[in-house]
Amino acid sequence: MIGRTPEAARGRLRTLCKREGIPYLGLHALRHTAGTRLVRAGFQLQDVAEHLGHSDVQTARTYGK
């Protein structure tokens, strides 16, 4: 967890990106990357959906493409 609120998380992520010299692409990009990596690592779509808080496994199917 990088912040108690979405605003705090965005601020923390911006700070970390700036410190590491990488572009800030937003929280959604971070979630998308995490989902994609989980699918590529062999996790089931149901597990990825639960990890990302999706109520429907079909939403996690995006990461499998």
Side-chain angles (χ1 to χ4, degrees):
M1 178 151 205
I2 61 173
R4 291 181 184 253
T5 66
E7 295 79 19
R10 279 190 285 276
R12 179 73 175 131
L13 185 56
R14 273 192 187 95
T15 299
L16 292 171
C17 288
K18 185 176 181 178
R19 184 178 78 193
E20 298 302 319
I22 58 175
Y24 170 76
L25 300 176
L27 289 175
H28 186 74
L30 184 63
R31 285 174 51 85
H32 190 84
T33 299
T36 300
R37 287 185 175 198
L38 288 169
V39 169
R40 287 182 181 168
F43 286 86
Q44 297 296 314
L45 287 177
Q46 181 64 39
D47 297 328
V48 175
E50 288 177 18
H51 179 73
L52 296 176
H54 296 151
S55 58
D56 184 357
V57 72
Q58 296 303 317
T59 306
R61 199 169 295 285
T62 302
Y63 306 113
K65 293 182 180 178

*asked:* Just verifying a value: how many Å separate Ile22 CD1 and Leu13 CG, rounded to the nearest 0.5 Å?
replied: 7.5 Å

*Answer yes or no: does atom CD of Gln44 have more than 12 heavy-atom neighbours from other residues, nucleotides or ligands under 6.0 Å?*
no

*asked:* Closer than 3.5 angstrom, by distance alone: can the side chain of Arg14 be matched with the main-chain N or O of Tyr24 as a donor-acceptor pair?
replied: no

_His54 and Arg31: side chain donor to acceptor below 3.5 Å_ = yes

*Between Leu45 and Val39, is any pair of side-chain heavy atoms under 4.5 Å apart?*
yes

_To the closest 0.5 Å, what do you measure between CG (Leu52) and NE2 (His32)?_
10.5 Å

*Heavy atoms only: give me the nearest Val57-Ala49 pair and the separation to one decimal.*
CA-CB, 4.0 Å

*In Å and rounded to the nearest 0.5 Å, what is the OG to CD distance from Ser55 to Glu50?*
11.5 Å

